[in-house]
Engineer: 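I'd like to ask you about the structure that follows.
Letters go in sequence order (proteins before strands), and every chain restarts at 1.
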Amino acid sequence: NAGVTQTPKFQVLKTGQSMTLQCAQDMNHNSMYWYRQDPGMGLRLIYYSASEGTTDKGEVPNGYNVSRLNKREFSLRLESAAPSQTSVYFCATPVSVYGETQYFGPGTRLLVL
Amino acid sequence: SQKIEQNSEALNIQEGKTATLTCNYTNYSPAYLQWYRQDPGRGPVFLLLIRENEKEKRKERLKVTFDTTLKQSLFHITASQPADSATYLCALDGGATNKLIFGTGTLLAVQP
């Protein structure tokens, strides 16, 4: 039972490059979330998925796309990376039966030069 | 829009003392409020959830209060230890689909 796994752990990109951040969970919950965390800004929701096949925008979706491949996997794609997307990205899924508390992955640290 | 404020300054206390962290919010009436702990280089870890109809919740050395009139939650760690040093995040329910709205966190440093 790994909980939530994220790959890669760390990535350096040049401006304009693209990449996909992967997230997988074995908590068997329908909902999954992508956050970014920046100094002084806290965790901000980028996109979320309430169930397989559905995705919705969060607070800061611009510059990102997501795919809910199946119940386990929720990927975040940067089509053309910008320095403003330098951040730490966390994936999360609910823990409790009611879905109120969230279990976070270890994060992906992204540096865009 | 909803706004959550946590003290951005680090809180430094001596081992054995009680640490008290504050979370204030505006423009919202959350159904519940949560506290998470985050260590450097790691994802947040859930600690406690308190609902709008609860005044206080305890778990071992942790205590959370929730004052919906003041729009404030206090997070207490009694008999603090250096191992309690971390950043503590406050989060409010974001309505449908169990989205959460996070504060910026407060860094707690417990000195031996």
Engineer: Okay, side chain of A/Glu100, backbone of B/Asp93: is any donor-acceptor separation there less than 3.5 Å?
Structural biologist: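 Not at all, since once roles are kept as given, no pair shorter than 3.5 Å links the two residues.
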Engineer: What distance do B/Ile101 atom CD1 and A/Leu43 atom CG have between them, rounded to the nearest 0.5 Å?
Structural biologist: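 The CG atom of A/Leu43 is 12.5 Å from CD1 of B/Ile101, to the nearest 0.5 Å.
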Engineer: Which bit of A/Tyr35 comes within less than 4.5 Å of chain B, counting heavy atoms only: side chain, backbone, both or neither?
Structural biologist: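 Interface part for A/Tyr35: side chain.
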Engineer: Please look at B/Leu100 and chain A and tell me whether the side chain, the backbone, both or neither of the residue comes under 4.5 angstrom of a heavy atom of that chain.
Structural biologist: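 For B/Leu100, heavy atoms of backbone and side chain both lie under 4.5 Å from chain A.
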Engineer: Checking A/Pro106 against chain B: side chain, backbone, both or neither under 4.5 Å from a heavy atom?
Structural biologist: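 For A/Pro106, the contact with chain B is made by the backbone alone.
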Engineer: Give the member of B/Gly41, B/Ala91, B/Pro44, B/Gly103 that has the highest number of heavy-atom pairs under 4.5 Å with chain A.
Structural biologist: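 If we count pairs closer than 4.5 Å to chain A, B/Pro44 comes out on top.
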Engineer: Drop me the distance from A/Leu45's CG to B/Phe102's CZ, to the nearest 0.5 angstrom.
Structural biologist: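 Here the rounded value is 9.5 Å.
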Engineer: Examine A/Val60 and A/Met32 and state if one hydrophobic cluster contains both, with Ile, Leu, Val, Met, Phe, Trp and Tyr joined whenever side-chain heavy atoms are less than 4.5 Å apart.
Structural biologist: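 Linked within one cluster.
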Engineer: Under 4.5 Å heavy-atom distance to chain B, tell me which part of A/Arg44 shows up: side chain, backbone, both or neither.
Structural biologist: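 For A/Arg44, neither part sits under 4.5 Å from chain B.
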Engineer: Group every Ile, Leu, Val, Met, Phe, Trp and Tyr by side-chain heavy-atom contacts under 4.5 Å, then state whether B/Tyr28 and B/Leu33 land in the same group.
Structural biologist: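 B/Tyr28 and B/Leu33: one cluster.
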Engineer: Identify the two heavy atoms, one from B/Tyr36 and one from A/Gln102, that lie closest to each other, and give their separation to 0.1 Å.
Structural biologist: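 Shortest heavy-atom contact: OH-N, 2.9 Å.
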Engineer: Would a single hydrophobic cluster contain both B/Phe66 and B/Tyr32, if residues Ile, Leu, Val, Met, Phe, Trp and Tyr are joined by side-chain heavy-atom contacts under 4.5 Å?
Structural biologist: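 Looking at the clustering, B/Phe66 is in a separate group from B/Tyr32.
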Engineer: Using a 6.0 Å cut-off, check whether atom CZ of B/Arg42 has over 12 heavy atoms from anything other than its own residue.
Structural biologist: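 No, not enclosed.
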Engineer: For the hydrophobic clusters of this structure (ILVMFWY residues joined by side-chain heavy atoms under 4.5 Å, transitively), does one cluster hold both A/Val66 and A/Tyr89?
Structural biologist: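 As far as the 4.5 Å side-chain criterion goes, A/Tyr89 and A/Val66 are connected within one cluster.
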Engineer: Given the rule that I, L, V, M, F, W and Y join up when any side-chain heavy atoms are under 4.5 Å apart, are B/Leu89 and B/Leu107 in one cluster?
Structural biologist: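 No, because B/Leu89 and B/Leu107 fall into different hydrophobic clusters, even though each may have its own neighbours under 4.5 Å.
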Engineer: Under 4.5 Å from any heavy atom of chain B, what part of A/Gln37 do you find: side chain, backbone, both or neither?
Structural biologist: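 The answer is the side chain of A/Gln37.
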Engineer: Go through the atoms of B/Gln6 and report whether side chain, backbone, both or neither lie under 4.5 Å from a heavy atom of chain A.
Structural biologist: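 When you check distances to chain A, no heavy atom of B/Gln6 falls under 4.5 Å.
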